[in-house]
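Let me begin by presenting the structure, written as structure tokens, before commenting on it.
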Number of protein chains: 2
Amino acid sequence: MNPTSSPKFRRRKADRPREIVAAALQIFAEKGFASARLDEIATRAGLSKGAVYLYFETKEDVFRAVVEHAIAPEIDLARAAIAAHPGPLPDLLRLLAERFVAVVGGSAVGGVAKMVIGEARNFPELARVWHDRLVSKVIGAVASAVAAAQVRGEVRPGDPRIYALQIIAPLLVGVIWRETFVPVGAPEFDLSSLSVQHLDTLLVGLLTPESA
Amino acid sequence: MNPTSSPKFRRRKADRPREIVAAALQIFAEKGFASARLDEIATRAGLSKGAVYLYFETKEDVFRAVVEHAIAPEIDLARAAIAAHPGPLPDLLRLLAERFVAVVGGSAVGGVAKMVIGEARNFPELARVWHDRLVSKVIGAVASAVAAAQVRGEVRPGDPRIYALQIIAPLLVGVIWRETFVPVGAPEFDLSSLSVQHLDTLLVGLLTPESA
DNA sequence: TACTAATAACTGACCAGTCAGTTATTAGTA
DNA sequence: TACTAATAACTGACTGGTCAGTTATTAGTA
């Protein structure tokens with residue numbers, strides 16, 4: 001009819017994978033792996049289902065790319081913050097929490113985390129990637145920061161790995177809460193207030209009386 | 001072949017629903033809703049798929065029954081513990097944590113929780129049931145116990161609802177960890193040690209200097 | 001004999017993955 | 001600059017398999 005003004009499609013090989021992953025991130029975060037339809041992912045990415053298979057072998061392949069894509073910035077976040085921590089433990093923890101709230105609050109990472117939890121049994125490999133590349137690194141880094149602070153006499157005795165979990169858990173549950181219960185009418189937890197009150201409270205119990 | 005010793009089936013109308021729900025609890029906890037096969041549930045319950053439809057309308061109906069079944073004892077647990085709490089807040093919290101570890105550690109409730117998180121978007125009604133009947137009640141009860149303790153001067157100022165989340169979160173994350181990452185090789189967190197160290201630490205920050 | 005719990009074969013819908021054909025784009029030619 | 005051949009990005013109809021839910025039939029029970 002009118003070939004000049006509205007071509008049926010554009011050839012944009014370079015941009016497609018990124019766009020497909022972005023669309024898949026949304027759909028997977030909404031529906032989980034099994035219930036996500038490739039047709040819907042393709043449509044949201046602005047192409048046909050067949051074209052998705054020009055860029056990815058299988059649906060699981062797309063899922064993998066999404067997890068990688070969601071993980072990468074998180075690793076940078078954790079690495080940079082821990083590597084550059086100069087001062088005492090409370091400063092590091094407040095910095096980490098602040099970044100966590102900013103990054104997780106403003107992206108679909110929470111949705112991906114929920115998806116990983118939900119699909120862990122059916123796709124253990126993805127849980128493994130998520131754990132090995134992200135979660136264990138964060139827990140390990142926080143735990144060794146705590147252990148170092150214990151050596152300096154800043155932090156009371158106790159299992160550093162459990163301390164790390166205690167530090168992270170309320171923030172994580174805040175995100176899961178938002179993804180799971182807020183959509184069905186539960187009142188939200190403000191991540192920022194949660195983060196502040198959590199650290200204020202926990203640090204009192206964490207630090208030795210001398211250093212506090 | 002041998003009709004007397006092994007009849008092809010028995011008629012046991014009264015027991016079937018309970019057995020189906022028990023089998024479904026396991027399968028759903030393992031696979032989540034979408035990936036669970038009704039055939040597998042039926043087989044594990046010791047009957048055929050068609051027979052399941054004599055007792056339940058749809059697969060979602062079975063899911064509903066499972067959630068109800070998993071919730072009921074938890075509600076009793078929370079209600080009884082809170083209602084009967086006599087002494088100061090630390091005693092109540094230690095009691096609750098102990099029960100939590102015992103009940104969640106020894107049952108498939110953790111699996112159901114994970115399932116609810118994973119399937120929340122696709123079956124919001126079930127997330128609503130889980131929230132309204134269980135989670136909000138527990139959070140609310142803990143929050144009002146904290147608020148009462150604040151009035152008594154036992155607990156420092158701060159949002160009681162956030163305090164409640166802080167109290168529960170590490171235990172919850174411990175369970176999610178076990179369900180999600182331990183199967184792919186992550187080291188376990190001992191729920192019991194976690195619970196003890198968590199309360200020991202948190203209570204220092206929670207209680208006023210006078211009451212501690 | 002009448003009744004019904006239970007089975008097992010069946011249906012219909014759905015969907016991941018395929019592929020033959022279509023169309024946008026680029027390279028080559030004059 | 002205009003035309004054309006060659007290429008490859010893309011489409012959409014199709015297939016093969018899976019599975020929730022149905023039903024014709026069988027077998028246990030009263």
Side-chain angles (χ1 to χ4, degrees), chain A residues 1-24 27-28 30-66 115 119 121-123 125-126, chain B residues 1-24 27-28 30-66 115 119 121-123 125-126:
Chain A
M1 308 298 212
N2 194 344
T4 56
S5 74
S6 61
K8 208 168 177 183
F9 58 84
R10 291 287 159 93
R11 307 172 70 180
R12 305 190 358 267
K13 187 178 182 176
D15 298 329
R16 294 305 197 191
R18 194 173 351 114
E19 292 169 357
I20 293 167
V21 167
I27 306 283
F28 281 140
E30 277 172 32
K31 317 245 167 131
F33 181 79
S35 300
R37 303 294 148 226
L38 258 176
D39 251 325
E40 199 181 346
I41 292 171
T43 303
R44 189 169 303 190
L47 34 56
S48 69
K49 187 172 74 164
V52 172
Y53 284 90
L54 298 172
Y55 300 100
F56 298 94
E57 296 262 318
T58 62
K59 187 184 179 185
E60 201 170 332
D61 228 47
V62 177
F63 193 106
R64 239 184 295 277
V66 166
M115 164 179 74
E119 307 282 354
R121 296 266 183 175
N122 299 327
F123 304 93
E125 188 198 341
L126 295 162
Chain B
M1 306 295 220
N2 194 344
T4 56
S5 73
S6 61
K8 211 166 177 184
F9 57 84
R10 293 286 161 96
R11 316 175 84 183
R12 298 186 298 102
K13 187 177 182 178
D15 298 328
R16 292 306 197 194
R18 192 171 355 112
E19 292 169 357
I20 293 167
V21 167
I27 305 283
F28 281 140
E30 276 171 34
K31 317 246 169 134
F33 181 79
S35 300
R37 301 294 148 226
L38 221 35
D39 252 324
E40 199 180 348
I41 292 172
T43 303
R44 189 168 304 190
L47 35 56
S48 68
K49 185 172 76 163
V52 172
Y53 283 90
L54 299 171
Y55 302 101
F56 298 94
E57 298 261 318
T58 63
K59 188 185 180 185
E60 202 171 331
D61 228 48
V62 177
F63 193 107
R64 238 184 296 276
V66 166
M115 161 180 76
E119 308 280 354
R121 296 266 183 175
N122 298 327
F123 304 93
E125 190 197 339
L126 296 161

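Just so we're on the same page: letters track the sequence lines, and every chain starts at 1. None of these values were measured; they are calculated from a predicted model.
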| Phosphate oxygens OP1/OP2 of C:dT23: is one of them under 4.0 Å from a side-chain N or O of A:R10? | no
| Between A:K13 (NZ) and C:dA24 (C1'), how many Å, whole number? | 15 Å
| query | Looking at residues at least two apart in the chain, or sitting in another chain, which of them share a side chain to side chain contact (heavy atoms under 4.5 Å, CB included) with A:T58? | reply | A:E60, A:D61
| field | Stretch residues 52-59 of chain A: residues that reach within less than 4.0 Å of DNA chain C through a heavy atom | value | A:Y53, A:T58, A:K59
| query | With a 4.5 Å limit on heavy-atom distance, are the side chains of A:V66 and A:M115 in contact? | reply | yes
| All stems with DNA chain C, defined as three or more consecutive Watson-Crick or G-U pairs under 3.5 Å | C:1-30 with D:1-30
| message | Suppose we screen for ring-ring contact (aromatic ring centres under 6.0 Å, His included). Which residues come up paired with A:Y53, at least two apart in sequence or across chains? | response | none
| note | When rounded to whole Å, the CD to C1' distance for the pair B:E19 and C:dA5 reads 14 Å
| message | Looking at C:dA24, I'd like to know if its phosphate oxygens (OP1 or OP2) sit under 4.0 Å from a side-chain N or O belonging to A:R12. | response | no
| said: If you define the side chain from C-beta out and look only at heavy atoms, does anything of B:Y55 sit under 4.5 Å from B:V62? | reply: no
| field | Interatomic distance where CZ belongs to B:F63 and P belongs to D:dA20 [whole Å] | value | 14 Å
| By a strict heavy-atom criterion of less than 4.0 Å, which residues belonging to residues 31-48 of chain A are in contact with DNA chain D? | A:L47, A:S48
| task | Report yes if a donor N or O on one partner sits less than 3.5 Å from an acceptor N or O on the other, where the partners are the side chain of A:K49 and the base of C:dA16; otherwise report no. | result | yes
| request: Report the distance from atom CG of A:D15 to atom C1' of D:dC10, rounded to the nearest whole Å. | output: 15 Å
Would you list the atom pairs, donor with acceptor, under 3.5 Å between side chains in residues 30-40 of chain A and any protein atom, with sequence neighbours excluded?
residue	atom	partner	partner atom	Å
A:K31	NZ	A:E40	OE1	3.1
A:S35	OG	B:N122	ND2	3.2

